[in-house]
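Worksheet: the structure to be examined is printed underneath.
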Amino acid sequence: MKPWKGILDINKIFGSFDSSSNSGGWDNRSYDYTSSRNLPTMDENHPKYFIRMFWKMIFNHLVYSKSLINFFESSNSSLDIQYIEEASERMLYLRAYQFIKKIDIKDPYHQKILQEENLKNMQKAYQMSIEFFENEEEYEKCAFLKKQLDFISFSS
């Protein structure tokens, strides 16, 4: 007999997150899009969301890295901090890239959204990303980012 058998019930654990008896813990609310007060804050499938998450992640990476390093230093001082810094930076740039690669500069709507964004923020975020991926020798990512940077630079 397993020592935890009878003590841990997976249904009870996940059931504790249940907001209704049939939802299985998931948020099953439906939104009334005719009323502005019921709208979710931002559609996570919208090009503006992808663009803002991209540059927000790029600009916040220093704060994120510093807090991550402080956490690991305080929990275990024998860890290789340089390795953690490099891994966190790589993880962050790869995640930011996942957002921006969903933007298609051939799509007129995506073009419009890109042109509405803050040009200086966008250019800086793209430049920082290109520099990172050049150092990593991921030239396909650099080429993709450069095409988008050229578009926003020349369309303004």
Side-chain angles (χ1 to χ4, degrees), residues 8-72 75 83-156:
L8 295 177
D9 181 356
I10 197 75
N11 294 322
K12 288 182 182 177
I13 293 170
F14 287 110
S16 66
F17 298 105
D18 192 3
S19 61
S20 71
S21 60
N22 297 331
S23 72
W26 297 101
D27 181 6
N28 291 330
R29 290 179 287 178
S30 60
Y31 292 99
D32 175 12
Y33 290 99
T34 60
S35 169
S36 62
R37 66 185 178 98
N38 292 330
L39 286 174
T41 56
M42 170 85 65
D43 181 7
E44 293 180 7
N45 290 314
H46 193 279
K48 188 172 286 216
Y49 176 80
F50 300 141
I51 293 165
R52 291 199 177 159
M53 286 302 294
F54 167 72
W55 64 261
K56 182 178 181 180
M57 289 186 81
I58 300 301
F59 290 137
N60 290 335
H61 87 277
L62 295 174
V63 173
Y64 169 77
S65 282
K66 187 172 184 131
S67 62
L68 184 68
I69 298 308
N70 289 339
F71 170 75
F72 281 114
S75 65
Y83 176 76
I84 294 170
E85 287 175 349
E86 291 170 5
S88 69
E89 182 180 36
R90 179 160 177 72
M91 180 181 71
L92 188 126
Y93 275 100
L94 287 172
R95 183 63 185 128
Y97 181 80
Q98 293 301 313
F99 283 111
I100 205 64
K101 81 175 191 177
K102 295 177 182 179
I103 299 300
D104 179 7
I105 58 173
K106 294 178 183 170
D107 182 327
Y109 185 67
H110 288 209
Q111 291 175 359
K112 178 182 177 287
I113 298 298
L114 274 169
Q115 292 168 344
E116 291 173 355
E117 289 300 312
N118 182 309
L119 181 63
K120 288 186 183 205
N121 283 346
M122 291 300 297
Q123 287 174 325
K124 183 69 175 166
Y126 275 104
Q127 289 167 347
M128 290 171 68
S129 297
I130 290 168
E131 186 176 308
F132 172 80
F133 287 118
E134 279 178 348
N135 291 333
E136 295 289 312
E137 298 181 2
E138 294 195 38
Y139 301 116
E140 298 84 13
K141 289 180 175 73
C142 293
F144 177 83
L145 293 166
K146 179 69 170 128
K147 281 182 189 177
Q148 289 194 355
L149 175 60
D150 289 346
F151 172 79
I152 62 171
S153 296
F154 296 122
S155 66
S156 57

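Quantities reported herein were computed from a predicted structural model and do not represent experimental measurements.
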Checklist entry - On the ring face of F99, is R95 found with NZ or CZ under 6.0 Å from the centre and within 45° of the axis? => result yes
Checklist entry - Is the distance between the ring centroids of F133 and Y97 less than 6.0 Å? => result yes
Checklist outcome for this item: In L94, I100, I130, the residue satisfying side chain to side chain contact (heavy atoms under 4.5 Å, CB included) with K141 is L94
Checklist entry - With side chains defined as the heavy atoms from C-beta onward, is the minimum distance between H46 and Y109 less than 4.5 Å? => result yes
Item to check | Partners passing ring pair (Phe, Tyr, Trp, His ring centres under 6.0 Å) against Y93 (at least two apart in sequence or in another chain) | outcome: H61, F132
Next on the checklist: Suppose the criterion is salt bridge (Lys or Arg N to Asp or Glu O under 4.0 Å): which pairs have a residue in residues 123-137, not counting sequence neighbours?
Outcome noted: R90-E136
Next on the checklist: Holding to ring pair (Phe, Tyr, Trp, His ring centres under 6.0 Å), I want the full list of residues that pass it with F59, two or more places apart in sequence or in another chain.
Outcome noted: W55
Next on the checklist: Quick check against the 3.5 Å criterion: does H110 have a side-chain atom that pairs as donor or acceptor with the backbone of D104?
Outcome noted: yes
Checklist entry - Does some side-chain heavy atom of Q148 sit less than 4.5 Å from a side-chain heavy atom of M122? => result no
Next on the checklist: Any donor-acceptor pair under 3.5 Å linking the side-chain atoms of S153 with those of Q123?
Outcome noted: yes
Checklist entry - To the nearest 0.5 Å, how far apart are CG in D107 and CG in L114? => result 10.0 Å
Item to check | pair Q127-L149: side-chain heavy atoms closer than 4.5 Å | outcome: yes
Checklist entry - So, Q111 side chain and I105 main chain: donor-acceptor pair closer than 3.5 Å or not? => result yes
